[in-house]
Amino acid sequence: MQDLENIVTRAAAEFAAASDPASLENAKAKFLGKSGELTALLKQLGSLAPEEKKSFGQSINTAKQQIEVALDSRRKDLEQKKLESRLSGEALDVTLPGRGRSRGGLHPISRTWQRIEEIFGSIGFDVADGPEIETDWYNFTALNNPENHPARSMQDTFYVDMKDSGGLPLLLRTHTSPMQVRYARMHVQQFRDKAAKCPPIKVIAPGRTYRVDSDATHSPMFHQVEGLWIDEDISFADLKGIYVDFLRRFFESDDLQVRFRPSYFPFTEPSAEIDLQFASGPLKGRWLELSGAGQVHPQVVRNFGLDPERHIGFAFGSGLERLTMLRYGIDDLRLFFDGDLRFLRQFS
Ligand code: PHE
């Protein structure tokens with residue numbers, strides 16, 4: 001009997017000391033297992049007298065039940081402990097502030113680009129896109145700018161080594177004007193195939209352009225938007241109307257003046273620079289050069305595949321950086337390309 005009580009006490013103590021299910025099962029084996037202490041006592045039963053057998057048998061059973069109850073309760077304890085530690089380990093502090101996801105914003109040049117597409121799109125201009133690596137023919141020759149013509153040096157550019165281009169003179173386009181020729185020829189071709197009358201050409205072509213130039217107001221890579229409207233009766237007056245309306249909408253102001261100043265481009269005749277002056281604000285009273293423009297030269301109309309006796313119209317080319325700088329009051333063009341978030345964040 002003494003033995004039994006002692007076994008129950010020790011079993012309960014060992015179970016209580018087991019800190020995880022594996023050690024609890026080991027402790028159980030020590031008492032209830034095949035070669036456990038209680039099992040060993042049971043084996044002795046056979047050698048006892050019948051009356052002793054009965055009462056000793058009962059005591060062993062009681063002891064066994066007590067051990068099982070202790071075991072069971074320790075198992076539950078351990079499970080509960082495990083659950084609690086999992087819950088506290090995975091606890092969320094719902095009062096912590098969120099880990100905000102930062103959103104990117106559009107680059108100011110992209111904003112200008114989008115605005116221009118919206119404004120010209122709303123008055124029926126198509127939007128075209130073309131290659132930045134251009135042939136010498138589209139960039140210069142087709143635009144009435146023959147080889148060795150001094151006007152070419154106004155636009156010094158980056159040339160692709162002829163060895164790499166298979167002998168074809170290739171360059172990074174110096175302006176978006178080659179898109180006039182690309183778009184017009186494609187357009188004319190489409191309607192020639194269908195034997196239909198060629199409808200007006202009315203397009204803008206925004207994109208990247210390149211020149212060997214770098215200072216506060218020039219970057220070797222910059223953006224232009226080309227505009228072209230050709231029909232049978234498009235005049236300088238249409239250019240003026242469209243462009244002034246564009247500027248008013250772009251700058252959200254009627255408080256501006258526009259001036260057409262005579263200029264020269266090989267691909268327009270007559271040619272003009274379009275200047276802008278604000279009637280108020282920090283830039284008040286200064287004429288700012290915005291855009292080259294003009295009536296498309298008859299030779300260029302011919303290169304479009306059209307008859308200059310019948311087709312006439314205008315083209316313009318404006319710098320996106322310039323428009324953006326004026327709209328936001330930015331004085332150094334290099335800020336656009338530095339990737340400085342302190343600058344860029346102001347636009348998002
Ligand atoms: N391509 C000219 C430039 O980059 C601008 C221009 C475009 C002038 C269309 C006339 C007509 O300077």
Side-chain angles (χ1 to χ4, degrees), residues 109 112-113 116 120 125-128 130-132 134-146 149-158 171-185 201-213 217-230 234-240 242-244 246-247 258-276 288-304 308 311-323 333:
I109 298 288
T112 295
W113 188 321
I116 291 174
F120 281 100
F125 278 76
D126 195 7
V127 178
E132 289 167 33
E134 191 50 285
T135 63
D136 182 86
W137 191 79
Y138 276 111
N139 195 79
F140 290 123
T141 314
L143 291 165
N144 201 31
N145 206 331
H149 191 287
R152 281 200 181 200
S153 60
M154 277 160 62
Q155 299 188 355
D156 193 7
T157 187
F158 303 94
L171 45 86
L172 298 186
R173 64 179 180 186
T174 57
H175 49 178
T176 42
S177 299
M179 279 307 292
Q180 289 183 32
V181 190
R182 281 189 177 274
Y183 183 88
R185 286 170 75 90
I201 294 167
K202 205 175 171 189
V203 66
I204 58 160
R208 272 180 278 277
T209 47
Y210 303 83
R211 287 185 205 176
V212 182
D213 237 347
T217 52
H218 296 91
S219 145
M221 190 283 295
F222 58 104
H223 299 78
Q224 283 192 338
V225 57
E226 196 75 10
L228 176 67
W229 190 358
I230 300 284
I234 297 298
S235 74
F236 240 80
D238 296 299
L239 166 61
K240 199 156 187 180
I242 291 275
Y243 207 86
V244 170
F246 159 67
L247 291 178
V258 180
R259 167 174 91 175
F260 279 58
R261 181 163 44 86
S263 184
Y264 170 78
F265 298 100
F267 38 95
T268 43
E269 182 58 37
S271 303
E273 296 286 345
I274 306 177
D275 299 340
L276 163 78
L288 308 154
E289 186 179 313
L290 265 193
S291 185
Q295 181 178 304
V296 179
H297 192 287
Q299 184 51 44
V300 178
V301 175
R302 228 169 268 130
N303 291 339
F304 290 170
H311 288 100
I312 191 163
F314 65 75
F316 63 82
S318 316
L320 264 54
E321 279 76 8
R322 194 71 203 260
L323 285 165
L333 174 131

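We count ligands from 1, going down the list as the structure has it; atoms in each ligand are counted the same way. In what follows, residues are counted from 1 in the order of the sequence shown. Because the structure is predicted, anything quoted here is derived from the model rather than measured.
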Quiz prompt | Between CE on residue Met221 and CD on residue Glu321, distance to nearest 0.5 Å | solution = 6.5 Å
Verify the ring-centre separation between [Y] and [X]: is it less than 6.0 angstrom?
X	Y	result
Phe236	Phe314	no
Phe125	Phe316	no
His175	Phe267	yes

Quiz item: Closer than 4.0 angstrom: is that true for some heavy atom of Phe314 and an atom of ligand 1?
Solution: no
Quiz item: Heavy-atom contact under 4.0 Å between Arg211 and ligand 1?
Solution: yes
Element-labelled atoms of ligand 1 that are located less than 4.0 Å from some non-hydrogen atom of [X]:
X	value
Gln224	3 (C), 4 (O)
Glu226	7 (C), 9 (C)
Ala293	8 (C), 10 (C), 11 (C)
Gly292	6 (C), 8 (C), 10 (C)
Gly317	6 (C), 7 (C), 9 (C)
Gln180	9 (C)
Ala315	9 (C), 11 (C)

Self-check item: Check: Arg173 side chain, Asn139 main-chain N or O, donor-acceptor pair, under 3.5 Å
Solution: no
Exercise. Say whether, by atom type as modelled, one donor and one acceptor occur between the side chain of Arg211 and the main chain of Thr174 under 3.5 angstrom.
Key: yes
Quiz prompt | Residues Arg261, Glu289: salt bridge by 4.0 Å N-O rule | solution = yes
Self-check item: Arg182 to Tyr138, cation-pi by 6.0 Å centre distance and 45° axis angle
Solution: yes
Quiz prompt | Option nearest atom 12 (O) of ligand 1 (shortest heavy-atom distance, choices Phe222, Phe267, Tyr264, Phe265) | solution = Phe265
Practice problem: Please work out whether any backbone atom (N, CA, C, O) or any side-chain heavy atom from C-beta onward of Phe316 is under 4.0 Å from ligand 1, and answer side chain, backbone, both or neither. | Solution: backbone
